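See structure below.
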Amino acid sequence: MNKNELLRKAKDENKKKGADERQLQLASKSSAIAFTIGLFLCLAVGYVSTLFEGVDLLVSTSCWVILSGMNAANFLLRGVLLREKPFMLAGAAMSFFFACFVWSFVKQLMVR
(Lines give C-alpha, C1' and ligand atoms only; values in the text may rest on other atoms or scores of the structure.)
Protein backbone atom coordinates (compact mmCIF):
# COMPACT_ATOMS: atom_id res chain seq x y z
CA MET A 1 0.00 0.00 0.00
CA ASN A 2 1.16 3.46 -0.74
CA LYS A 3 0.60 6.65 1.20
CA ASN A 4 -2.57 7.69 -0.65
CA GLU A 5 -4.26 4.33 -0.08
CA LEU A 6 -3.50 4.52 3.64
CA LEU A 7 -4.94 8.04 3.85
CA ARG A 8 -8.05 7.00 1.97
CA LYS A 9 -8.61 4.02 4.28
CA ALA A 10 -8.15 6.22 7.35
CA LYS A 11 -10.71 8.71 6.03
CA ASP A 12 -13.18 5.92 5.29
CA GLU A 13 -12.72 4.52 8.78
CA ASN A 14 -13.30 7.94 10.35
CA LYS A 15 -16.50 8.38 8.32
CA LYS A 16 -17.82 5.13 9.79
CA LYS A 17 -17.11 6.29 13.33
CA GLY A 18 -18.66 9.70 12.72
CA ALA A 19 -15.76 11.68 14.14
CA ASP A 20 -12.02 11.73 13.96
CA GLU A 21 -9.73 11.41 16.99
CA ARG A 22 -9.31 15.18 17.37
CA GLN A 23 -13.07 15.74 17.50
CA LEU A 24 -13.46 12.99 20.10
CA GLN A 25 -10.73 14.51 22.28
CA LEU A 26 -12.29 17.98 22.02
CA ALA A 27 -15.69 16.57 22.93
CA SER A 28 -14.17 14.82 25.94
CA LYS A 29 -12.38 17.97 27.11
CA SER A 30 -15.47 20.14 26.66
CA SER A 31 -17.54 17.62 28.64
CA ALA A 32 -15.02 17.69 31.47
CA ILE A 33 -15.05 21.49 31.54
CA ALA A 34 -18.86 21.61 31.46
CA PHE A 35 -18.98 19.04 34.28
CA THR A 36 -16.62 21.13 36.41
CA ILE A 37 -18.62 24.30 35.80
CA GLY A 38 -21.82 22.45 36.75
CA LEU A 39 -20.18 21.30 39.96
CA PHE A 40 -19.09 24.82 40.91
CA LEU A 41 -22.49 26.29 39.99
CA CYS A 42 -24.29 23.80 42.23
CA LEU A 43 -21.89 24.46 45.08
CA ALA A 44 -22.24 28.22 44.60
CA VAL A 45 -26.05 28.05 44.58
CA GLY A 46 -26.02 26.03 47.80
CA TYR A 47 -23.53 28.40 49.45
CA VAL A 48 -25.33 31.60 48.41
CA SER A 49 -28.66 30.14 49.49
CA THR A 50 -27.18 29.34 52.90
CA LEU A 51 -25.76 32.85 53.24
CA PHE A 52 -29.04 34.63 52.51
CA GLU A 53 -31.70 32.25 53.82
CA GLY A 54 -29.92 30.00 56.26
CA VAL A 55 -29.74 26.29 55.62
CA ASP A 56 -32.45 25.34 53.14
CA LEU A 57 -32.43 21.59 52.64
CA LEU A 58 -34.54 21.81 49.50
CA VAL A 59 -31.95 23.95 47.71
CA SER A 60 -29.00 21.82 48.78
CA THR A 61 -30.85 18.61 47.95
CA SER A 62 -31.69 20.02 44.52
CA CYS A 63 -27.98 20.63 43.91
CA TRP A 64 -27.10 17.10 45.03
CA VAL A 65 -29.80 15.64 42.76
CA ILE A 66 -28.22 17.43 39.80
CA LEU A 67 -24.64 16.48 40.68
CA SER A 68 -25.38 12.84 41.45
CA GLY A 69 -27.48 12.52 38.28
CA MET A 70 -24.66 13.94 36.17
CA ASN A 71 -22.14 11.61 37.77
CA ALA A 72 -24.38 8.56 37.46
CA ALA A 73 -24.97 9.19 33.77
CA ASN A 74 -21.28 9.86 33.15
CA PHE A 75 -20.03 6.73 34.91
CA LEU A 76 -22.73 4.45 33.49
CA LEU A 77 -22.15 5.62 29.93
CA ARG A 78 -18.38 5.32 30.25
CA GLY A 79 -18.75 1.86 31.75
CA VAL A 80 -21.08 0.63 29.03
CA LEU A 81 -19.29 2.27 26.09
CA LEU A 82 -15.78 1.36 27.26
CA ARG A 83 -16.86 -1.97 28.80
CA GLU A 84 -14.93 -1.26 31.97
CA LYS A 85 -16.26 -2.76 35.18
CA PRO A 86 -14.96 -0.06 37.60
CA PHE A 87 -16.95 2.61 35.76
CA MET A 88 -20.04 0.40 35.80
CA LEU A 89 -19.70 -0.13 39.55
CA ALA A 90 -19.18 3.59 40.14
CA GLY A 91 -22.21 4.28 37.95
CA ALA A 92 -24.32 1.85 39.97
CA ALA A 93 -23.20 3.50 43.22
CA MET A 94 -23.90 6.99 41.88
CA SER A 95 -27.31 5.81 40.62
CA PHE A 96 -28.09 4.65 44.14
CA PHE A 97 -27.10 8.05 45.55
CA PHE A 98 -29.11 9.77 42.83
CA ALA A 99 -32.19 7.73 43.73
CA CYS A 100 -31.72 8.56 47.43
CA PHE A 101 -31.42 12.29 46.71
CA VAL A 102 -34.48 12.22 44.44
CA TRP A 103 -36.43 10.44 47.17
CA SER A 104 -35.29 13.03 49.72
CA PHE A 105 -36.15 15.86 47.34
CA VAL A 106 -39.68 14.54 46.71
CA LYS A 107 -40.17 13.94 50.42
CA GLN A 108 -39.20 17.55 51.19
CA LEU A 109 -41.57 18.84 48.52
CA MET A 110 -44.45 16.87 50.00
CA VAL A 111 -43.84 18.30 53.47
CA ARG A 112 -43.95 21.92 52.28
Side-chain angles (χ1 to χ4, degrees):
M1 269 189 252
N2 63 19
K3 179 180 165 184
N4 290 333
E5 288 177 21
L6 288 173
L7 287 173
R8 185 180 47 78
K9 282 190 175 191
K11 285 181 183 178
D12 291 341
E13 184 178 322
N14 285 338
K15 285 180 185 176
K16 291 178 187 175
K17 291 181 184 177
D20 64 2
E21 188 66 28
R22 181 177 169 274
Q23 288 173 326
L24 295 174
Q25 287 178 350
L26 288 175
S28 177
K29 284 181 184 180
S30 65
S31 294
I33 291 169
F35 223 84
T36 304
I37 290 171
L39 169 71
F40 284 116
L41 286 174
C42 285
L43 292 174
V45 165
Y47 181 71
V48 169
S49 172
T50 302
L51 281 178
F52 289 106
E53 297 178 11
V55 176
D56 186 357
L57 290 178
L58 188 62
V59 172
S60 62
T61 304
S62 302
C63 293
W64 285 109
V65 165
I66 293 167
L67 288 173
S68 61
M70 287 175 16
N71 278 313
N74 181 38
F75 284 126
L76 285 174
L77 283 171
R78 286 177 75 176
V80 169
L81 295 176
L82 298 175
R83 294 188 176 104
E84 292 187 8
K85 202 169 199 171
F87 287 119
M88 290 182 196
L89 293 174
M94 288 308 301
S95 295
F96 172 76
F97 290 126
F98 174 69
C100 290
F101 285 125
V102 168
W103 176 76
S104 177
F105 179 76
V106 170
K107 185 178 167 187
Q108 290 174 31
L109 285 177
M110 294 177 84
V111 171
R112 286 185 179 220

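These figures come from a predicted structure and were not determined experimentally. In what follows, residues are counted from 1 in the order of the sequence shown.
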Looking at every heavy atom in both Leu67 and Gly38, which two are closest together, and how far apart are they? CD2-O, 4.2 Å
Mind checking whether Leu41 and Trp64 sit in one hydrophobic cluster, side chains of I, L, V, M, F, W, Y counted as touching below 4.5 Å? no
All N/O donor-acceptor pairs, side-chain side in residues 101-109, below 3.5 Å, sequence neighbours left out:
residue	atom	partner	partner atom	Å
Ser104	OG	Gln108	NE2	3.2
Gln108	OE1	Leu58	N	3.0
Gln108	NE2	Thr61	OG1	3.0

With a 4.5 Å cut-off on side-chain heavy-atom distances among I, L, V, M, F, W and Y, is there a chain of contacts connecting Leu39 to Val45? no
Show every donor-acceptor pair shorter than 3.5 Å between a side-chain atom in residues 82-95 and any protein atom, with sequence neighbours excluded, or say none if there are none.
residue	atom	partner	partner atom	Å
Ser95	OG	Gly91	O	2.8

Could you grab the distance from atom CZ of Arg78 to atom OG of Ser28, nearest 0.5 Å is fine? 7.0 Å
Applying the 4.5 Å side-chain criterion to the ILVMFWY set and letting contacts propagate, would Leu57 and Val65 be lumped into a single cluster? no
Any chain of hydrophobic side-chain contacts (each under 4.5 Å) joining Ile33 to Leu77? no
Give a yes or no on whether Met70 and Leu43 share a hydrophobic cluster (residues Ile, Leu, Val, Met, Phe, Trp, Tyr; joining criterion: side-chain heavy atoms under 4.5 Å apart). yes
In the hydrophobic clustering (ILVMFWY, side-chain contacts below 4.5 Å, transitive), which residues join Leu51, or is it alone? Tyr47, Val48, Phe52
